[in-house]
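This structure is a prediction, so every number in the text was calculated from the model and none was measured.
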Amino acid sequence: MEMDKITLILILANSLLPGASTLDWNKVCYQTATKGSEYRGTVSTTREGYTCQAWASQTPHSHKNTPQKLPNAGLESNYCRNPDNENGPWCYTIIDREDLRWKYCDVPECEGKAGINPRVYFEGLNKYKKWFTLHTATIKK
């Protein structure tokens, strides 16, 4: 039975990193097929670098997307979400200008098999980055 590269990387990661097997990918990146409606990470800035307004706040921008009205949308704190089927996670900004009312967030899209991109998770783990770079280059399908 052959394993593809991503499967082998995940198996190796599960054996080396505590907690890697329970990684919640919806907190790391968003699925383009669902436009990020399932994203539950903690990114709270837009692509342009603006800080997000808290979903429970009505200033500087009043809105109807509140945690009370949309209890299953994950509208916590000022984290980027997609409660209304836009093209990706977004937020209201703290900038009191109508042209900056809301913007898309700086949340990476998931890539690869089943939307999982181990690179997104492992690129921050400097301790293992060199090892994975050396060994994944030699893994063949």
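Residues satisfying the side chain to side chain donor-acceptor pair (under 3.5 Å) test with Tyr92, not counting sequence neighbours, are Asn65.
With values rounded to the nearest 0.5 angstrom, Glu48 atom CD is found 8.0 Å from Leu100 atom CG.
Listed here is the closest heavy atom pair of Val43 and Asp106: CG1-O, 3.8 Å. Here the closest heavy-atom approach between residue Tyr104 and residue Asn87 is recorded as OH-N, 3.4 Å. The two atoms that bring Pro108 and Val28 nearest to each other are CG-O, 3.5 Å, heavy atoms only.
Here the side chain of Gln58 pairs a donor or acceptor atom with the backbone of His63 at under 3.5 angstrom. Side chain of Glu38 to backbone of Gln31: a donor-acceptor contact under 3.5 angstrom is found. Checking side-chain atoms of His61 against main-chain N and O of Glu98 turns up no donor-acceptor pair under 3.5 Å. Listed for the Arg81 side chain is a donor-acceptor partner under 3.5 Å among the backbone atoms of Gly41.
Cys91 has its SG atom at least 2.5 Å from the SG atom of Cys105.
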Per-pair distances, 0.1 Å, donor-acceptor, side chain in residues 70-80, under 3.5 Å, sequence neighbours excluded:
| unit_1 | atom_1 | unit_2 | atom_2 | d |
| --- | --- | --- | --- | --- |
| Asn78 | ND2 | Cys52 | O | 3.0 |

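Under the ring pair (Phe, Tyr, Trp, His ring centres under 6.0 Å) rule, Trp102 has a single partner from Trp90, Trp55, Tyr50, which is Trp90.
You'll find the side chain of Ser37 stays beyond 4.5 Å of the side chain of Asn85, heavy atoms only.
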